Undergrad: 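Structure provided below as structure tokens; questions to follow.
Chain letters run A, B, ... following the sequence lines, proteins first, then strands; residues in each count from 1. Keep in mind the model is a prediction, meaning the values are calculated, not measured. Worth knowing before you read on, the calculation uses all heavy atoms, side chains too, and leaves out hydrogens, waters and symmetry mates.
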There are 2 protein chains.
Amino acid sequence: MADPLDTVFAALADPTRRAILAMLLEDDMAVTDVAEPFEMSLAAISKHLTILSRAGLISQERRGRVKWCKLEPDALRAASVWMQGFGQFEPVNLDAFERFLEVELKEDAESGA
Amino acid sequence: MADPLDTVFAALADPTRRAILAMLLEDDMAVTDVAEPFEMSLAAISKHLTILSRAGLISQERRGRVKWCKLEPDALRAASVWMQGFGQFEPVNLDAFERFLEVELKEDAESGA
DNA sequence: GGCATATTCAACCGAAAGGTTGACGATTGC
DNA sequence: GCAATCGTCAACCTTTCGGTTGAATATGCC
């Protein structure tokens, strides 16, 4: 998987990871706090964070025994440009984004993900 | 994988499938013609097309014994909107897209994908 | 009818994804 | 120093992915 688009899209293909990104949109978080709302082990979340990190979608910085996770939205730019070549989508539509985010988070809650 | 974002991003995570979409950007194509430039079996390409089709990224219409594949760029809209929520990217930048496409196709040719 | 063409199906394979558990290495607080 | 906390590692398991091959199923051509 040399192409960064491979890793970025693969990282985005998992609902847990998208939910994590949405959480980090609010604020930086420690690994344990990221894991808290999910019904899966801390180790599993740690793996998801590694995948997001390798895709460049987040950065992680250790301060003391706490590792902070930070969203890196720039990693999405290449993927965004690639996708936009396939159609003239509305430039930026944050209202629509909010709606999608709501649906995503609701689904996560329902599925207990 | 209920969420359409899951299937769309997963479909985009494979370089062969992205190359197929780029080809279909030019024109509709028959399955055999889609498969021609790739160094893999027709059956494998057929599977990739099924995945793209299930993701809604292409549609397939059988005319006679030939099955035509058509790009469906609308399927990217939801994913595009989701991504754009993470940063205010330049609206639409077709020049940048062309460059990415070139790199993608060059890599495919080199790797023989 | 009979053969070539177009596409999928089915069975199989190795590798990777996504999860678990338990042990381990740091770091902090008392 | 010692116990609790934070996070990862390692081993394992099951399912999915991406590919192969060979047979099967249309359809078109003469």
Undergrad: Would a 4.5 Å heavy-atom cut-off, applied to side chains only, mark B:Leu57 and B:Leu71 as touching?
TA: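 A side-chain contact is absent here, since even the closest heavy-atom pair is not under 4.5 Å.
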Undergrad: Is there a side-chain contact between B:Met23 and B:Met29 (heavy atoms, below 4.5 Å)?
TA: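 Answer yes - side chains close enough.
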Undergrad: What is the separation between atom CZ on B:Arg54 and atom P on D:dT16, rounded to the nearest whole Å?
TA: 13 Å
Undergrad: In whole Å, I'd like the distance from the CG atom of B:Asp14 to the P atom of C:dA16.
TA: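 In whole Å, C:dA16 P lies 14 Å from B:Asp14 CG.
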Undergrad: What does the list of N/O pairs under 3.5 Å between the protein and nucleotides 3-9 of chain D look like, with a distance for each?
TA:
unit_1, atom_1, unit_2, atom_2, d
D:dT5, O2, A:Arg65, NH1, 3.1
D:dC6, O3', A:Arg65, O, 3.2
D:dG7, OP1, A:Val31, N, 3.3
D:dG7, OP1, A:Lys67, N, 2.7
D:dG7, OP1, A:Lys67, O, 3.3
D:dG7, OP2, A:Thr32, N, 2.6
D:dG7, OP2, A:Thr32, OG1, 2.1
D:dT8, OP1, A:Lys67, NZ, 2.8
D:dT8, OP2, A:Ser46, OG, 2.2
D:dT8, O5', A:Ser46, OG, 3.4

Undergrad: Looking only at side-chain N and O atoms, does A:Ser41 come under 4.0 Å of OP1 or OP2 in C:dG19?
TA: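 So the side-chain polar atoms of A:Ser41 never come under 4.0 Å of the phosphate oxygens OP1 or OP2 of C:dG19.
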Undergrad: Are side-chain heavy atoms of B:Thr16 and B:Ile45 found at a separation under 4.5 Å?
TA: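 A side-chain contact under 4.5 Å exists here.
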Undergrad: Roughly, in whole Å, what's the span from CZ in A:Arg63 to C1' in C:dT28?
TA: 16 Å
Undergrad: How many Å lie between CD on B:Glu36 and P on C:dT5, as a whole number?
TA: 15 Å
Undergrad: Could you tell me if the side chain of B:Phe9 sits less than 4.5 Å from the side chain of A:Arg18, heavy atoms only?
TA: yes
Undergrad: Starting at CG of B:Asp6 and ending at P of C:dG18, how long is that distance when rounded to a whole Å?
TA: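 Atom-to-atom, B:Asp6 to C:dG18, this comes out as 10 Å.
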Undergrad: To the nearest Å, give me how far apart CD (B:Glu61) and P (C:dA6) are.
TA: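 Distance check: B:Glu61 CD to C:dA6 P gives 18 Å.
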Undergrad: Between B:Leu49 and B:Ile51, is there a shared hydrophobic cluster once you connect ILVMFWY residues whose side-chain heavy atoms come closer than 4.5 Å?
TA: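 Cluster IDs for B:Leu49 and B:Ile51 differ.
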Undergrad: Let me know the distance between CD1 of B:Ile58 and P of C:dT7, rounded to the nearest Å.
TA: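 Result: 12 Å.
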Undergrad: Should we say atom CZ of A:Arg54 is surrounded by more than 12 heavy atoms from elsewhere, each under 6.0 Å from it?
TA: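 Result for CZ/A:Arg54: open.
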Undergrad: Looking at A:His48, does any N or O in its side chain come under 4.0 Å of the phosphate oxygens OP1/OP2 on C:dG19?
TA: yes
